[in-house]
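Report on the structure given below.
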Protein chains: 2
Amino acid sequence: MFQAPERLKVSCKEDIPTPSLVVDLNQVTHNVRAMADYAKTHGLALRPHTKTHKSLTMASLQLEHGATGVCVAKLGEANVMAEIADDLLLGYPIVDNYRADRIAQLANSKKIRLAVDTMQAVECISAAAAAAKSTIGILIDIDVGYHRTGAQDPESALALAKAVESQSALRLDGLFCFPGHIAGPPDQQDAELAAMDRILLQVIDLWREHGLAATIVSGGSTPTSRTSHQVTALNEIRPGSYIYSDWNCVSGNWYQLNDCAASVLATVVSDAVPGKVVIDAGSKTLTQDRHFLQPDTGGFGHVVEYPQARIIHLTEEHGEVDITACDQRPQVGQRIHVIPNHICPCVNLQNSFWLQHGPDDFECLPVEARGCVV
Amino acid sequence: MFQAPERLKVSCKEDIPTPSLVVDLNQVTHNVRAMADYAKTHGLALRPHTKTHKSLTMASLQLEHGATGVCVAKLGEANVMAEIADDLLLGYPIVDNYRADRIAQLANSKKIRLAVDTMQAVECISAAAAAAKSTIGILIDIDVGYHRTGAQDPESALALAKAVESQSALRLDGLFCFPGHIAGPPDQQDAELAAMDRILLQVIDLWREHGLAATIVSGGSTPTSRTSHQVTALNEIRPGSYIYSDWNCVSGNWYQLNDCAASVLATVVSDAVPGKVVIDAGSKTLTQDRHFLQPDTGGFGHVVEYPQARIIHLTEEHGEVDITACDQRPQVGQRIHVIPNHICPCVNLQNSFWLQHGPDDFECLPVEARGCVV
């Protein structure tokens, strides 16, 4: 189990060693409030996906601002988040005894829901819950177009629902979906959102014909995190990245640069090679996740102080920055801020992050659930 | 500071939760011995780069088998490895006071060498060592063709060497290089190795004319880890990936499939979508590091049990596997082994790994230096 580092405080950003993830509390709070307002306005339950921040501090902030519970991907994340949340959804197929047994035990003290898309999952979870004498709520995962997981048609979803209903240790709660295929700007998503709605309504109608109710219909992704109300079938959303935002979010026009609350503070460590500088943030800090619109040319993040700079190549601890388009050359020893392409795996690489409370007030906090892949 | 998990043991691979990194001790020991033999045969000092395994157990194994010390990239790695090594090279430009001060303090109890390629680094380290009343050995980083860091010509290398010589807290030890541009099969590297040798010899000759000696000439990379003896100027190598090997190593013809000592044990968690299965190892387990020869089509690792399978897409916790070319369809719940494209960042994502001592003997060990990016 991860041992939280001592809570360090510094009063000057120059005292933060690099590379480090720095998070602005003002902006984070703004983002959390804005999403809570969106959900409330549209009558949607808000269940933030904690895979983005993996932080008890951030999850607590979300719960304080109206989240009904949290979403996690893995057992390890659930165990960490159970410290502060009583209502957890594992949005991931669990088909093995190890995870099923431990989740079933957790369900004795917490409200636990799981997403399933195979009969094997139903059987595995049912057996584990029966053995643990707990009850687990089940959402049937419906493929609404991303084609990663999920029942492929209403009939399959009905068969899974009936199987759940036949198990006394399980409770059929509703539907789960992830519209990962919808990645256009918010004002160009109408047709795809409508198609997604039709798929969900077909399942709901068929269930109703068979006397089954989808009390919860849970969806959500970052690109649809403020258009989900157009999907009439949904009554719960699970956005993740909105809390920090990232360069892909800005590039996709889902969020603005000002919404980005997290950046990697890095130091220029070499300018020996002409035309470039090297920063101390490589793939082990920023990840190799590419720019979603320009995977080959988009670079590995946005350099705040040098918008013309392009992080063209990452090795493990080196970030090579093409500065030929920059008006000024970054100096060796200078610090820059990088907004990573994809914040979620970037956070997962950090043992800790620095939360900025004010201009001269930084606190080092652990990333409690980082590395929780099981 | 990372708290090592309890050392767990299981006697059956089925008891290992997935996804997990599994390392075969027999194969690792073979790899460590083979590299030690290679270095000894060619009169090269062996200084393994511990960024690959980030493990005290593995570093100890390398030191027991003749390594003269270890190489690390970052201060955090140095602090971890100092627990078992007395001779450490930081193969990374240090230009900030935070790292310089702490390395200088470590140099009071350990033999510390640093690679530098800028005057700023010389000044920063010199001041820190003087303040700590320690002595730090310096290797001048020479760009031998990778164009990431390193002095660009013999004159620049000479200027840096003279600057080092002028500082009483620094000791000029020699040269450092990383031939990351040499990535062909070993039998097709002759011309590039010879060109690299010429660059190093030019610097050594110029230094000699000015009364300066390069006692240590340190090079090494995975693709050149068994051809480094062709570079006559080298007397030390710093291979990293050889201890575990990976799918890129096999694809580059630097190592064979049998040399791969580490794999990710994963579970098939969904087959709901036609033509594919989903495993529980995504980018937070395998990384988004692409196949080095086929970045767009090579997938994200080699599935041992289904060589025709192709891991076509990773999201954070999902690995989508195209199985249309497979004779048999993997079943939900089945476990498979994936040899990742690039083992080093993959290891860095794991909190722990399972060391296989024998057929029915697995031990869970911490990855002590994972996440040490500062």
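Note on naming: letters A, B, ... go to the chains in the order of the sequence lines (proteins, then strands), and numbering restarts at 1 for each one.
At distances below 3.5 Å, not a single donor-acceptor pair connects side-chain atoms of B:N348 with backbone N or O atoms of A:L349. Checked by atom type and distance alone, the side chain of B:D141 never pairs as donor or acceptor with a backbone atom of B:C177 at under 3.5 Å. Of the possible donor and acceptor atoms, none in the side chain of B:Q105 sits under 3.5 Å from a partner among the backbone N and O of B:R102.
For A:R335, no part lies under 4.5 angstrom from a heavy atom of chain B. The parts of A:T18 that come within reach of chain B are both its backbone and its side chain, each placing non-hydrogen atoms under 4.5 angstrom from that chain. Within the 4.5 angstrom heavy-atom criterion, atoms from both the backbone and the side chain of A:D117 approach chain B. For chain B, the nearby parts of A:T149 are the backbone and the side chain; heavy atoms of each come within less than 4.5 Å. If you measure heavy-atom distances from A:V116 to chain B, you find no contacts under 4.5 Å at all. Proximity to chain A (any heavy atom under 4.5 Å) is shown, for B:K51, by both the backbone and the side chain. Heavy atoms closer than 4.5 Å to chain B are found in the side chain of A:E77, but not in its backbone. Heavy atoms closer than 4.5 Å to chain B are found nowhere in A:C124, neither backbone nor side chain. Of the atoms belonging to A:V278, it is side-chain heavy atoms, and not backbone ones, that fall under 4.5 Å from chain B.
B:E368 has no carboxylate O lying under 4.0 Å from a charged side-chain N of B:K54, or vice versa, which leaves the two without a salt bridge.
By the 6.0 Å and 45° rule, B:K13 does not stack over the aromatic ring of B:F362.
Within the structure, salt bridge (charged side-chain N to carboxylate O under 4.0 Å, His left out) contacts touching residues 265-288 of chain B (residues at least two apart or in different chains) are A:R99-B:D280, B:D271-B:R329, B:K276-B:E320, B:K284-B:E316.
When the ring pair (Phe, Tyr, Trp, His ring centres under 6.0 Å) test is applied to B:F178, the partners found at least two apart in sequence or on another chain are B:Y146.
Contact tally against chain A (heavy-atom pairs below 4.5 Å) for B:H342, B:E317, B:Q288: the top residue is B:E317. Ranked by non-hydrogen atom pairs under 4.5 Å with chain A, the options B:S156, B:S283, B:P17, B:P93 are led by B:P17. Per-residue heavy-atom pair counts under 4.5 Å with chain A were compared for B:N97, B:D15, B:V373, and the maximum is reached by B:V373. Listed options A:G180, A:G333, A:C344, A:A73 were ranked by heavy-atom pairs under 4.5 angstrom with chain B; first place goes to A:C344. Comparing B:S20, B:G150, B:P295 by how many heavy-atom pairs each has under 4.5 Å with chain A, the most go to B:G150. For the set B:Q350, B:H147, B:R290, the entry with the most heavy-atom pairs within less than 4.5 Å of chain A is B:R290. Chain A forms more heavy-atom pairs under 4.5 Å with one residue of B:T285, B:L314, B:D289 than with any other, namely B:D289.
Remark: aromatic rings of B:H53 and B:F353 are distant, center separation not under 6.0 Å. With ring centers used as reference points, B:F300 lies 6.0 Å or more from B:H291.
Counting only N and O atoms by type, the side chains of A:R148 and B:T315 include a donor and acceptor under 3.5 Å apart.
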